[in-house]
Amino acid sequence: MKIARFSSTGEDPRYGILDERDLVVLAGDPMYQGFETTGERVPLADAKLLAPVIPRSKVIGVGLNYAEHASEMDERSGDDPVVFLKPNTAVIGPDDPIRLPAEIGRVDHEGELAIVIGSLAKNVRREDFASVVLGYTIANDVTARDLQARDGQWTRAKGFDTFCPLGPVIETEIDPSDIRLETRVDGELRQAASTSEMVHDIPSLVEFVSSIWTLLPGDVILTGTPAGVGQIRDGEVVEVLIEGIGSLKNPVIARH
């Protein structure tokens, strides 16, 4: 089941279940009110898809979770996942522009699978991970690479406004253990991998992250990016595609 958050004809954001070319409108936020429908259908062509979730608490990033990416960054994956936080003000939705701040140097795309947490979660055992997951969406962990190297920690480099595109939907019924991920810039393939190549798999990530922070409904875990990260520039369009979920496209605009 694909859940979208959308707006149409000046209405406040609503939630719907994607049914081919229509959105079947939900009575409320599915994280709190379930999947009761109103009977209304909105043509997908008449809706603007928004970020499917705005985390009320936090976006948790995982670094160096594909061995080939760690190698291209001249790093190595450790015994524990490398984790960091992005503010929820970095979140944007499909087709929203990634805005490049002035004078920060190189900015890279990082296409990723994202986990959307569906219930309060603390010290979750890996075998129970699915019980706290609402579903999965697509993310782009946009990163100011020069700042990341200069600062020695990643918060500023990954935390700018618009540096966390999410969407287009939350897929609730997918097996995320072996699905294909691609990132394209102006149609050129930059990244291609399977989630089976993760150093730390999704059950391990949920277990590890929930041992540090209490996870709240709507929190998002970015599961790491494969090799092939690269610079994005003013005027380009970056697209992340994940099998079974869809495509997340965002134009890139320089902020002068």
From L44 CG over to L18 CG, what is the distance, rounded to the nearest 0.5 angstrom?
6.0 Å
Verdict with supporting geometry, R150 and Q148, side-chain hydrogen bond (donor to acceptor under 3.5 Å, both in side chains):
CA-CA 6 Å; R150 185 189 315 162; Q148 184 182 25; over 6 Å; no
Roughly how far, to the nearest 0.5 Å, is CG of D22 from CD1 of I17?
12.5 Å
Would you check if the side chain of D234 reaches a backbone N or O of A254 as a donor-acceptor pair within less than 3.5 Å?
yes
Test item: T137 side-chain N/O and L166 main-chain N/O as donor-acceptor pair under 3.5 Å:
no
Of all residues at least two apart in sequence or in a different chain, which pass the ring pair (Phe, Tyr, Trp, His ring centres under 6.0 Å) check with F129?
none
I'd like to know if the side chain of R180 pairs up with that of S194 as donor and acceptor (distance under 3.5 Å, no hydrogens or angles considered).
no
When rounded to the nearest 0.5 Å, the distance separating CD of E239 from CG of L248 is 8.5 Å
Taking it one step at a time, do Q191 and T183 satisfy side-chain hydrogen bond (donor to acceptor under 3.5 Å, both in side chains)?
CA-CA 5 Å; Q191 295 179 282; T183 304; 2.8 Å; yes
For I115 and I202, run side chain to side chain contact (heavy atoms under 4.5 Å, CB included): C-alpha distance rounded to whole Å, both residues' side-chain angles, the deciding distance at 0.1 Å, then the answer.
CA-CA 8 Å; I115 306 164; I202 287 170; 3.7 Å; yes
Flag the pair P87 / V59 as yes when at least one side-chain heavy-atom distance between them is below 4.5 Å, and no otherwise.
no
Between R14 and E40, is the salt bridge (charged side-chain N to carboxylate O under 4.0 Å, His left out) condition met? List the steps.
CA-CA 12 Å; R14 295 185 288 172; E40 181 183 359; 2.9 Å; yes
Starting from the C-alpha separation in whole Å, work towards a yes-or-no answer on salt bridge (charged side-chain N to carboxylate O under 4.0 Å, His left out) for D141 and K158.
CA-CA 7 Å; D141 178 22; K158 292 176 174 286; 2.7 Å; yes
Side chain N88, main chain I54, donor-acceptor under 3.5 Å
no
State, without any angle test, whether S204 and D201 hold a side-chain donor-acceptor pair at a distance under 3.5 Å.
yes
Note, V42 side chain near F6 side chain (heavy atom, < 4.5 Å):
yes
Strictly distance-based, threshold 3.5 Å: is any side-chain N or O of T172 a donor or acceptor partner for the main-chain N or O of L134?
no
Given 3.5 Å as the limit, does a donor-acceptor pair link the side chain of T195 with the main chain of I179, or not?
yes
Between the side chains of D95 and K249, is the shortest nitrogen-to-carboxylate-oxygen separation below 4.0 Å, so that they form an ion pair?
no
Strictly distance-based, threshold 3.5 Å: is any side-chain N or O of N250 a donor or acceptor partner for the main-chain N or O of G93?
yes
dist L113:CG -> M198:CE (nearest 0.5 Å) comes out at 5.0 Å
Would a distance-only check, ignoring hydrogens and angles, find a side-chain to backbone donor-acceptor pair under 3.5 Å from E188 to R190?
no
Check this for me, if you would: do D19 and K2 make a salt bridge, where the nitrogen-to-carboxylate-oxygen distance has to be below 4.0 angstrom?
no
Do NZ/NE/NH1/NH2 and the carboxylate oxygens of R41 and E20 come within less than 4.0 Å?
no
Going by an N to O cut-off under 4.0 Å, is there a salt bridge joining R106 and D108?
yes
Please output the side-chain donor-acceptor pairs of residues 27-35 that fall under 3.5 Å, not counting sequence neighbours, one pair per line with the distance.
| residue | atom | partner | partner atom | Å |
| --- | --- | --- | --- | --- |
| D29 | OD1 | M31 | N | 2.9 |
| D29 | OD2 | R56 | NH2 | 2.9 |
| Q33 | OE1 | D29 | N | 3.4 |

Distance-only donor-acceptor check, side chains S8 and D46, under 3.5 Å:
no
Look up atom CD in E173 and atom CE in M1, then write down how far apart they are to the nearest 0.5 Å.
5.5 Å
